[in-house]
Amino acid sequence: MAKLISSRCSIQSVVPESYILPPEQRPGNSVAPPGKTIPIIDLDGDRIEVIQEIIAASQEYGFFQLRNHGVSEELMKDALVVAKEFFDLPVEEKERFYCEDLNLIGCAVRTSIDFPKEKFHFWRDVLRHRTHPLEDHIHHWPENPARYREVFAPYSVEVRNLGLRILDLICEGLGLESGYFRGPLSKGQLMLVNHYPPCPDPTLVLGLPKHGDPHLITLLNQGDVPGLQVWKDEQWVTVEPIPNAFLVNINHMLQIISNGKLKSAYHRVVTSSNVDRTTVAGFILPSDDSLIEPAKSLVSELSPPLYKSFKRGDFDNIYFSDTHEGNDPLEHFRI
């Protein structure tokens with residue numbers, strides 16, 4: 001368990017060599033450009049206006065912050081509290097869940113991304129588990145902290161309902177048939193509890209490298225500690241947290257289904273020297289046997305398909321290997 005960065009004693013004064021990135025990949029003293037901001041959308045506004053704002057933000061940024069979304073402030077805070085409590089547990093408790101198999105369906109703790117295969121490691125530990133259907137997965141979740149299941153069960157349901165609501169609005173905004181994203185395309189749900197401990201020298205490391213998310217949509221509860229940066233106009237933009245807001249981003253498969261009309265934006269995570277950061281990311285994802293392709297109603301002679309069809313289950317290995325190498329996994333599927 002010396003691999004878990006949150007359990008290593010020596011990290012207080014020096015960055016281990018295997019975490020120091022090549023000079024061209026280091027964040028340095030990365031600061032958000034002045035005047036740049038991620039769009040903020042009030043979900044409680046006029047429906048037509050909300051749809052237009054979501055589509056515009058998804059086209060230009062691939063990201064937006066969502067307020068008045070219906071998930072309670074108390075539940076959002078409780079999820080972050082028990083998430084932090086998990087990573088504060090003794091190493092023996094976390095060791096029970098440690099697994100480096102990226103294809104594991106159950107509950108797993110790992111460090112970085114794919115520790116055994118990486119040239120350089122990333123300053124992150126993560127607890128990963130499925131959440132839907134709840135009755136199929138909850139028995140795999142940690143029982144310690146004592147409130148973990150009690151909090152994450154309703155939280156997962158609320159996040160899923162919100163994610164499906166957003167997808168319905170996107171569906172309407174793209175002009176797709178009602179319910180297009182219901183069923184196999186949104187059958188799965190995944191929760192990643194990310195923990196980024198304080199780092200002696202944040203200029204040398206990253207919590208996560210430049211990447212796009214592989215599924216349909218992500219809803220990130222990032223608390224009040226900044227760290228996520230979005231690649232926009234050839235520069236990194238820091239997303240300043242908004243209290244009780246979800247940070248929502250378009251994933252690779254939604255970019256494909258929209259035939260490139262929506263943008264799966266690249267992003268990364270930087271670390272801090274004096275504070276840890278714990279976030280909870282919820283993903284809506286298709287079933288493994290779902291056919292991923294541009295929606296037929298978005299394809300025409302004037303707008304030909306930009307991507308090949310493929311089974312969702314065939315995407316994962318390509319995604320992980322390309323992300324490690326700093327390549328765009330969508331290149332394999334572009335026509």
Side-chain angles (χ1 to χ4, degrees), residues 1 3-4 6-7 70-72 74-116 124-165 167 181-195 213-221 223 246 251 278-290 312-313 315-317 320:
M1 286 301 286
K3 290 178 182 176
L4 278 184
S6 59
S7 299
V71 181
S72 76
E74 181 181 9
L75 193 54
M76 291 187 72
K77 288 182 177 178
D78 282 349
L80 292 173
V81 167
V82 295
K84 175 69 163 55
E85 288 174 352
F86 177 83
F87 285 102
D88 287 341
L89 290 172
V91 63
E92 295 79 15
E93 282 289 325
K94 292 178 283 190
E95 184 178 21
R96 295 173 49 232
F97 294 97
Y98 194 84
C99 178
E100 290 172 343
D101 181 2
L102 296 177
N103 296 311
L104 180 73
I105 297 298
C107 184
V109 170
R110 62 176 63 101
T111 194
S112 190
I113 300 175
D114 191 359
F115 195 90
R124 175 192 76 150
D125 292 336
V126 60
L127 169 65
R128 177 186 186 275
H129 56 72
R130 297 289 182 108
T131 59
H132 182 80
L134 194 59
E135 61 273 14
D136 290 351
H137 300 289
I138 192 170
H139 60 282
H140 292 299
W141 301 358
E143 295 180 274
N144 191 10
R147 295 180 64 232
Y148 191 91
R149 296 182 182 183
E150 174 189 333
V151 169
F152 267 85
Y155 179 79
S156 300
V157 171
E158 290 295 318
V159 169
R160 178 171 177 81
N161 289 339
L162 176 59
L164 293 175
R165 183 181 174 190
L167 287 170
F181 293 109
R182 301 283 175 151
L185 284 178
S186 59
K187 184 176 182 180
Q189 184 180 11
L190 178 66
M191 203 68 69
L192 295 187
V193 180
N194 300 295
H195 185 68
D213 292 341
H215 309 300
L216 271 187
I217 196 169
T218 307
L219 293 92
L220 180 69
N221 179 0
F246 277 103
N251 289 191
T278 303
T279 67
V280 180
F283 302 86
I284 304 293
L285 58 150
S287 60
D288 283 351
D289 58 355
S290 292
R312 194 214 75 86
F315 186 77
D316 288 350
N317 289 335
F320 284 116

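Screening residues 128-143 for salt bridge (charged side-chain N to carboxylate O under 4.0 Å, His left out), with sequence neighbours left out, gives no hits.
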side-chain contact (heavy atoms from CB on, under 4.5 Å) between K187 and S290, intermediate numbers included: CA-CA 9 Å; K187 184 176 182 180; S290 292; over 6 Å; no
Test side-chain contact (heavy atoms from CB on, under 4.5 Å) applied to L4 and E95, step by step: CA-CA 9 Å; L4 278 184; E95 184 178 21; over 6 Å; no
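Rounding to the nearest 0.5 Å gives a distance of 11.5 Å between CZ of R160 and CG of L219. The line from OG of S186 to CD1 of I217 is 11.0 Å long, rounded to the nearest 0.5 Å. Here the CD1 atom belonging to I284 is positioned 12.0 Å from the CG atom belonging to L185, to the nearest 0.5 angstrom. F320 contributes atom CZ, which lies 8.5 Å from atom CD1 of I113 (distance to the nearest 0.5 angstrom). If you take NZ on K84 and CG on L89, they are separated by 10.5 Å, rounding to the nearest 0.5 Å. With rounding to the nearest 0.5 angstrom, the CG atom of D78 is 8.5 Å from the CD atom of E150.
Of all non-hydrogen atoms in C99 and R110, the two that sit nearest each other are O-NE, 3.4 Å. In terms of heavy-atom proximity, Y148 sits nearest to L127 at OH-CD2, 3.3 Å. Minimum heavy-atom separation, F97 to H140: CE2-O, 3.7 Å. Here the closest non-hydrogen pair linking R124 and T111 is O-OG1, 3.1 Å. T278 and A83 make their closest contact through CG2-CB, 3.7 Å (heavy atoms, listed as atom of the first residue, atom of the second, distance). Considering all non-hydrogen atoms of both residues, T279 and L80 come closest at CA-CD2, 4.1 Å.
For R149 (side chain) and W141 (main-chain N/O), a donor-acceptor pair under 3.5 Å exists by modelled atom type. Here the side chain of Q189 pairs a donor or acceptor atom with the backbone of S156 at under 3.5 angstrom. Judged by distance alone, with hydrogens and angles left aside, the side-chain atoms of K94 form a donor-acceptor pair with the main-chain N or O of F87 at under 3.5 Å. In terms of modelled atom types and a separation under 3.5 Å, the side chain of S112 and the main chain of F115 share no donor-acceptor contact. Here the side chain of D125 pairs a donor or acceptor atom with the backbone of S6 at under 3.5 angstrom. Judged by distance alone, with hydrogens and angles left aside, the side-chain atoms of N251 form a donor-acceptor pair with the main-chain N or O of H215 at under 3.5 Å. Panel note: side chain N221, backbone V280; no donor-acceptor pair is recorded below 3.5 Å.
In this pair, Y155 and F246 present their aromatic rings tilted. The plane angle is within the 30 to 60° band.
Looking only at atom types and distance, the side chain of T131 has no donor-acceptor partner in the side chain of H137 under 3.5 Å away.
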